Amino acid sequence: MKEEKPNEHSNLKEPPQENGVIQSTQGLYSSTSPPASDDEPFSTYFEEKVPIPEDVTQVFSFRKLWAFTGPGFLMSIAYLDPGNIESDLQSGAKAGFKLLWVLLGATIIGLLLQRLAARLGVVTGMHLAEVCNRQYPTVPRILLWLMVELAIIGSDMQEVIGCAIAFNLLSMGRIPLWGGVLITIIDTFVFLFLDKYGLRKLEAFFGFLITIMAVSFGYEYVMVRPDQGELLKGMFLPYCENCDSAQMEQAVGIVGAVIMPHNIYLHSALVKSRQIDRGNKKEVKEANKYYFIESTIALFISFLINVFVVAVFAEAFYDKTNIEVNAKCNASGSPHTDLFPLDNSTLQVDIFKGGVVLGCFFGPAALYIWAIGILAAGQSSTMTGTYSGQFVMEGFLNLRWSRFARVLLTRSIAIFPTLLVAIFQDVQHLTGMNDFLNVLQSMQLPFALIPILTFTSLTSIMDDFANGLVWKIGGGVVILVVCAINMYFVVVYVTSLNSVALYVLVALLCIAYLSFVCYLAWQCLIALGVSCLDVSCLGNRMRLTGHTDVYLLNDMDSNTMVER
């Protein structure tokens, strides 16, 4: 038989079949050549690839780090979207500095998960949606795509809401919320305009938006001057003194806001933008190293910006009552005094009220600078959300639409439901959607975390770069904890609805939801080495897919692997 030329994805080769049964195999780096340019899949963002310097022999090179810098910062924007900012300010207002250690822990967990996503893209040359498309059977693949799309829509709605609120604050209410939502449609054209001017310029623009956020929220931090001792104590002492259920729910909300499912798909795609010879193990190893360093720096900066927001509201508004804020806003001549009823209940803040109270206590400049920071967060995250939507649709559905059509569709999916809410509801209802959207995204987390751990643990896909025992166990524990925390968040939200009809509906949905999660977890456990769960242990190996690609349920303990 004539030997076929290896495809562009160095580690996803067709395995041999025997009696209709797919057998385990793994790719050989020595037999892999880089893909030809005309073999590249149709995709946005990769019309050009950034070259990597070859004349550098040092163990560490700033030139090479600079060449790899970009994807991690685009990924980090998801840690700074309006949903995260709202979670930060609520954490500070409700618990002071006590939950900063939760934010730190969630960011570290996020970094470890992003490392897996980046490694998948670097090693295979495919992003997570593409791998899912090739590896899962039809029905699970379609369900997985729908779940990820829901997560993207939920995140995008939060970002559009953030932009609309920022425009409303900057215009002192002259731009209504629905007008702010319509303005965000401009993102579509900004995206297309910037994309034409080159990849590095696009990455520089996102870096500029991150800088605006750092300066804006940093200004608020310097102006408020938080207690540094309390800040450090809250960051490194994992304890919440005198915390009640409200603070604990807020802690869960922080984890749910920081770790976002679509960001795993996004990062695995963004790393494909560099010229890497995937047939050269040294280059792949080097790319993994520099991407991890870059992601660490990017998430450290995003963590500092989040800390700025938490600290400002912890120092200035922790334990404040509505009547205190009402009096202060009345004295400052704020037109939003009616937002704070004359009672002694604890102040409840969101993105809109946060800007208002900053203006009441620290002057109009604080309000406008806050709004500028929120606008930068919303604008940057809406565009990266657009990228996520495109990668997911391209990967799962193999779409070959024009760039304009795909961008317009992904923006419209989030714009229209948000516009309807903005037209028929006021700002209180619009910001109140944040809790629901956080719950929606929390429920989608398993559909990113389980597949990324599954595929990065398979030697047949990752070759020498598959997860070791420590990463398999650690990754499994982290994913289990994160999913459990977010499920608790979902349960708390659902029980607050106080509707029997909704309870019944949620119960039915939960049965279907948990069944699908168990299916993915079952396959993940086999990939992690729990081979007794494979049907082959019963002596009755079954063909689970018609794909000719390596299937994830291959016996991972097989000794028939081809030697390197």
Side-chain angles (χ1 to χ4, degrees), residues 44 77-78 80-86 149-196 202 205-206 208-209 212-213 216 262 335-336 339 350-356 367-390 393 401-434 436-437 440-441:
T44 304
I77 286 173
L80 295 168
D81 72 348
N84 275 288
I85 300 301
E86 181 157 328
E149 284 292 348
L150 279 177
I152 293 173
I153 292 170
S155 174
D156 219 5
M157 288 181 70
Q158 286 179 311
E159 293 148 6
V160 172
I161 289 169
C163 288
I165 290 172
F167 284 123
N168 186 268
L169 287 172
L170 286 171
S171 66
M172 293 301 292
R174 293 184 181 87
I175 298 178
L177 293 175
W178 59 266
V181 172
L182 288 175
I183 292 175
T184 58
I185 295 177
I186 297 173
D187 288 340
T188 301
F189 303 101
V190 171
F191 171 86
L192 292 170
F193 175 78
L194 291 172
D195 201 44
K196 290 175 58 178
L202 182 67
F205 175 72
F206 283 107
F208 172 70
L209 292 177
I212 290 178
M213 285 183 266
S216 299
H262 69 279
H336 303 291
L339 290 175
D350 48 41
I351 291 178
F352 183 77
K353 285 185 179 179
V356 171
L367 184 150
Y368 291 125
I369 292 173
W370 168 261
I372 290 171
I374 295 298
L375 182 61
Q379 292 290 322
S380 58
S381 53
T382 51
M383 284 192 278
T384 54
T386 301
Y387 273 128
S388 299
Q390 290 181 82
M393 293 182 72
W401 293 2
S402 69
R403 180 183 305 176
F404 181 82
R406 281 174 292 148
V407 173
L408 191 61
L409 174 64
T410 53
R411 296 301 305 120
S412 300
I413 289 174
I415 287 287
F416 283 114
T418 312
L419 182 60
L420 292 175
V421 176
I423 291 174
F424 296 107
Q425 303 289 349
D426 57 18
V427 69
Q428 299 302 309
H429 290 85
L430 198 60
T431 54
M433 287 180 62
N434 192 64
F436 170 75
L437 295 174
L440 178 66
Q441 293 179 84

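Since we're looking at a predicted model, the values are computed, not measured.
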Short question: side chain of [X], backbone of [Y] - any donor-acceptor pair under 3.5 Å?
X	Y	value
Asn84	Ala78	yes
Thr382	Gln379	yes
Trp370	Ile351	yes

What pair of heavy atoms forms the shortest contact from [X] to [Y], and how long is it?
X	Y	answer
Gly389	Glu149	O-OE2, 4.2 Å
Gly355	Leu169	CA-CD1, 4.4 Å
Ser380	Leu209	CB-CD1, 3.5 Å
Ala151	His262	O-ND1, 4.4 Å
Leu177	Ala164	O-CB, 3.6 Å

Problem - Approximate separation, where rounding is to 0.5 Å, of Ile161 CD1 and Glu86 CD - result: 8.5 Å
Handout entry: Nearest-0.5 Å distance, CG of residue Leu339 to CG of residue Asp350
Key = 8.5 Å
Practice task
Could you check whether the rings of Phe206 and Tyr387 sit parallel, tilted or perpendicular, using 30° and 60° as the cut-offs?
Solution key: tilted
Exercise for the section: Side-chain contact test, heavy atoms from C-beta onward, threshold under 4.5 Å: evaluate it for His336 versus Lys353 and give yes or no. Expected result: no
Handout entry: Ile175 side chain near Ile183 side chain, heavy-atom distance below 4.5 Å
Key = yes
Exercise for the section: Sequence neighbours left out, what passes side chain to side chain contact (heavy atoms under 4.5 Å, CB included) with Ser381? Give chain and number order. Expected result: Ile77, Asp81, Pro82, Glu159, Thr384
Handout entry: By side chain to side chain contact (heavy atoms under 4.5 Å, CB included) - contacts of Leu170 (at least two apart)
Key = Tyr368, Ala371, Ile372, Leu375
